[in-house]
Structure formats: C-alpha cells, structure tokens
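Down below is the structure, laid out as structure tokens.
Numbering of residues begins at 1 and proceeds along the displayed sequence.
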Amino acid sequence: MDTDKLVWDLSINGDYYVFVGWQSIRGIGGFNTGGGLTMDASFGEAAAWIAEVVQDTLAGYEFVQWPSRGSHVLVPRLRSAEAVWLDPHGDVPICPIGTLCDHADR
C-alpha cells in the first residue's frame, strides 16, 4: 500500500466533536474517528490526543505497530506541556510529536 499521498483530515463539528482520519484515495480505504476534546485544550494536549486516537485506530489494522523504536511501540504523552513520542520502556522521550521522521535514527 502506497501511503505517500495520504491526505489527513482534522475537523470539528458544531458540537465540538473532533474528527481525525484520512480520505479514501487511490484504493486506500479511509477511517474517521472522533472523541471528546475540549476547545480549550492546549496545543500539546490536542497533539497528544490526536496521536493517541490515530495510533489506537491504526492498531486495529493487521500488522500495524506505529510508531515504534526497535521492538517497542512508542506512546504519545505530554511532557512539560509538549506532546512527545515516548518509549514506555524507561520512560524516555524520543521526539516531539510531528517530528518523528526527523528523529528516525534514534
């Protein structure tokens, strides 16, 4: 499956229900999920929430363990008000959410 041209959507409806997912393009089926994220959430809280929602949804697809470091699946967490990917084995922050590709060698 070629995901290079995947288009992600983030939207909020009139009831402040937040949706995140991808559009169905080039044979790739989409997913859309949502939940209760308050409008007064900080950027860090929102980024960690979105990362967790996406990770949890992708985990339902066969063979998806994203993102990972070695054999450990990273988890999104808030550290000092910043959303980061964390290696739960040792509680080690790997990188800020949104910069994972910049830190691929860690």
Side-chain angles (χ1 to χ4, degrees):
M1 172 175 20
D2 179 14
T3 58
D4 289 342
K5 299 194 182 342
L6 213 54
V7 178
W8 287 90
D9 283 328
L10 177 66
S11 62
I12 304 171
N13 72 10
D15 294 324
Y16 302 110
Y17 196 79
V18 180
F19 295 93
V20 62
W22 69 60
Q23 299 173 9
S24 179
I25 57 173
R26 297 188 183 195
I28 299 172
F31 83 84
N32 188 297
T33 189
L37 182 67
T38 65
M39 292 302 291
D40 60 347
S42 70
F43 174 81
E45 291 168 327
W49 178 84
I50 289 169
E52 186 169 21
V53 166
V54 170
Q55 185 182 49
D56 288 351
T57 301
L58 289 177
Y61 290 84
E62 190 173 7
F63 304 115
V64 174
Q65 295 181 359
W66 173 88
S68 61
R69 177 183 185 225
S71 61
H72 301 151
V73 175
L74 304 179
V75 294
R77 293 291 184 261
L78 207 56
R79 291 289 186 260
S80 301
E82 181 179 35
V84 298
W85 286 112
L86 184 86
D87 184 336
H89 300 274
D91 201 38
V92 179
I94 302 303
C95 66
I97 290 177
T99 65
L100 195 58
C101 290
D102 297 342
H103 297 84
D105 61 340
R106 284 190 170 181

Report yes or no: does Gln55 contribute a side-chain atom to a donor-acceptor pair with the main-chain N or O of Leu74 at less than 3.5 Å?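 Pair found, side chain donor or acceptor close to backbone of Leu74.
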Donor-acceptor under 3.5 Å (Glu45 side chain, Ser42 main chain):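 A pair under 3.5 Å: yes.
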Which atom of [X] lies closest to which atom of [Y], heavy atoms considered:
{"X": "Leu86", "Y": "Pro93", "value": "CD1-N, 3.4 Å"}
{"X": "Ala48", "Y": "Pro76", "value": "O-CB, 3.8 Å"}
{"X": "Val73", "Y": "Trp66", "value": "CG1-O, 4.3 Å"}

Is there a side-chain contact between Trp85 and Ile97 in this structure, where contact means two heavy atoms from C-beta onward sitting under 4.5 Å apart?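 Trp85 reaches Ile97 side chain to side chain.
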Pairwise salt bridge (Lys or Arg N to Asp or Glu O under 4.0 Å) hits with a residue in residues 70-79, at least two apart: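 Salt bridge (Lys or Arg N to Asp or Glu O under 4.0 Å) check on residues 70-79 returns Arg79-Asp91.
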